[in-house]
Amino acid sequence: MTDTHQARLMDGTALARRITETSAASAADLLRRTGTAPCLATVLVGEDPASVTYVRMKRARCERAGIVSRHVALPASVSTAGLVEAIGALSEDPAVHGILLQHPVGGHIDERAAFEAIAPEKDVDGVTMHSFAAMGFGLPGFVSCTPGGILRLLDEYGVDLTGKHAVVVGRSPILGKPVGMLLLGRDVTVTYCHSRTVGLSSIVRQADVLVAAVGRPRFIAGADIRPGAVVVDAGYNPGNVGDVDFETARHRASLITPVPGGVGPMTIAVLLAQTVEAAARQLRTVAP
Ligand code: NAP
């Protein structure tokens with residue numbers, strides 16, 4: 001690859017828009033056929049500014065797609081039992097089809113206990129052990145939204161995954177670990193890297209498909225991108241900067257996600273799609 005080579009961009013904004021249009025059409029159809037619109041409940045603990053913004057964005061996008069948004073705001077001082085009770089009530093409420101607990105929830109709360117209070121059929125954010133296990137077994141269920149969005153992007157751009165070597169840098173429960181599992185389910189050979197990995201650069205250089213999910217600006221150097229590799233940058237750091245050094249990587253990759261406008265928009269699109277799917281299943285009718 002030469003300095004004049006430019007990778008093709010994987011446009012997450014455009015794909016997310018198309019997915020959301022499909023979700024909106026399905027939501028409208030569900031309302032017409034059943035008299036009920038899909039409903040996503042968001043649960044926010046405390047007033048962390050970033051979390052407040054994320055929840056506001058998700059609610060606004062829901063409403064634009066014809067998904068009813070129910071919001072539960074709890075004080076930062078809420079106990080694990082209080083949070084579990086609030087989520088449990090939403091799990092039992094037939095008018096609620098999907099539940100999203102915005103995290104982090106605060107150090108004094110048992111986050112896992114709170115997530116597990118979400119009924120599996122309403123776990124549209126893919127955070128429960130049930131969803132994680134179903135994904136691991138390759139069984140139907142809701143996937144973690146950002147990993148699900150990454151797979152949709154790769155499919156949209158016709159990336160042939162079978163037999164390829166993917167290197168996933170990062171192993172968080174919501175991003176790195178599940179994206180590797182989804183790739184494994186597609187017959188990819190997956191290598192995970194993390195903060196204790198020795199010789200990261202030489203491993204990254206072997207990647208046919210690189211997924212960067214670290215949370216460190218420009219952590220992956222362009223020189224480490226194998227010529228022709230597909231580069232997915234899930235990182236989103238202050239200043240709209242990804243985990244990959246885009247300006248150098250774009251001269252070596254065949255396909256690359258920009259930051260912003262790559263992986264980011266896909267997360268909410270998958271959340272909305274899974275909410276409509278959950279509503280369709282709970283209303284015992286099939287969304288087209
Ligand atoms: P996280 O929970 O902090 O996990 C970061 C991962 O990177 C960990 O597995 C960590 O390894 C690994 N890591 C840290 N330093 C490393 C190093 N020097 N070398 C190799 N690996 C290293 O972060 P996250 O929630 O997965 O998020 C990662 C990035 O994705 C962030 O920029 C975040 O903003 C972005 N993100 C975007 C979306 C979206 O919607 N687009 C959604 C979620 C996250 P250890 O496990 O060993 O600590």
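Note that ligands are numbered from 1 as they come in the structure, with each ligand's atoms numbered from 1 the same way. FYI, side chains are in, hydrogens and waters are out, and symmetry mates aren't considered; it's all heavy atoms of this structure.
Near Phe219, the atoms of ligand 1 lying under 4.0 angstrom from a non-hydrogen atom of the residue are 17 (C), 18 (N), 19 (N). Every atom of ligand 1 with a heavy atom of Asn237 under 4.0 Å away is listed here by number and element: 32 (O). The contact set between ligand 1 and Gly264, taken as ligand atoms under 4.0 Å from a residue heavy atom, comprises 41 (N). Ligand 1 places these atoms under 4.0 Å from at least one heavy atom of Gly215: 28 (C), 29 (C), 31 (C), 32 (O). Remark: ligand 1 atoms within the under-4.0 Å shell around heavy atoms of Ala213 are 5 (C), 6 (C), 7 (O), 28 (C). Remark: ligand 1 atoms within the under-4.0 Å shell around heavy atoms of Leu200 are 20 (C).
In this structure, Ala234 has a heavy atom closer than 4.0 Å to ligand 1. Not a single heavy atom of Cys193 lies less than 4.0 angstrom from ligand 1.
Residues satisfying the side chain to side chain donor-acceptor pair (under 3.5 Å) criterion with Arg112, sequence neighbours excluded, are Glu116.
Annotation: Arg218, atom CZ; neighbour count of heavy atoms from other residues, nucleotides and ligands within 6.0 Å does not exceed 12. Within 6.0 Å of atom CD in Glu85, 12 or fewer heavy atoms from other residues, nucleotides or ligands are found, so the atom counts as exposed in its surroundings. For OH of Tyr54, the number of neighbouring non-hydrogen atoms (other residues, nucleotides, ligands) closer than 6.0 Å is 12 at most.
At a heavy-atom distance under 4.0 Å, no atom of Met266 approaches ligand 1. Contacts between Ser195 and ligand 1 below 4.0 angstrom, taking non-hydrogen atoms only, involve backbone and side chain alike.
Counting only heavy atoms of the protein, atom 40 (O) of ligand 1 lies nearest to Thr267 OG1, 2.7 Å. When hydrogens are left out, the protein atom nearest atom 38 (C) of ligand 1 is Thr146 OG1, 3.9 Å; that is the closest non-hydrogen contact. For atom 32 (O) of ligand 1, the nearest protein heavy atom (residue, atom name, distance) is Tyr236 N, 2.9 Å. In terms of protein heavy-atom proximity, atom 20 (C) of ligand 1 is nearest to His194 O, 3.1 Å. Looking at atom 15 (N) of ligand 1, its nearest protein heavy atom turns out to be Arg216 NE, 3.3 Å. Scanning the protein heavy atoms around atom 25 (O) of ligand 1, the nearest turns out to be Ile174 CD1, 3.8 Å. The nearest protein atom to atom 9 (O) of ligand 1, hydrogens excluded, is given as Arg171 N, 2.8 Å; this is a heavy-atom distance.
Considering only non-hydrogen atoms, atom 26 (O) of ligand 1 lies nearest to Ser172 out of Ser172, Ala212, Gly170. Of the candidates Val214, Asp233, Leu175, Ile150, Val214 brings a heavy atom nearest to atom 13 (N) of ligand 1.
Contact record, Arg152 with Ala273: NH2-CB, 4.1 Å, taken as the closest heavy-atom pair. Summarising the geometry of Ala278 relative to Phe142, their closest heavy-atom pair is CB-CZ, 3.6 Å, with the distance given to 0.1 Å. Across every non-hydrogen atom of Gly66 and Pro38, the tightest pair is O-CD, 4.1 Å. Pairing each heavy atom of Val124 with each of Ile99, the nearest pair is CG2-N, 3.9 Å. Between Val188 and His165, the closest heavy-atom pair is CG1-C, 4.4 Å.
Using a 4.0 Å cut-off between charged side-chain N and carboxylate O, Arg205 and Asp224 make a salt bridge. Salt-bridge check for Arg281 with Glu277: passed, with a basic side-chain N closer than 4.0 Å to an acidic carboxylate O.
Side chain of Asp208 to main chain of Ala229: no donor-acceptor pair is present (N/O by atom type, distance under 3.5 Å, no hydrogens or angles).
Residue Arg196 places no N or O, backbone or side chain, under 3.5 Å from any N or O of ligand 1. The distance criterion of under 3.5 Å between nitrogen or oxygen atoms is not met by Asp243 with respect to ligand 1.
Here the straight-line distance linking atom NZ of Lys58 with atom CG of Leu271 works out to 6.5 Å at 0.5 Å rounding.
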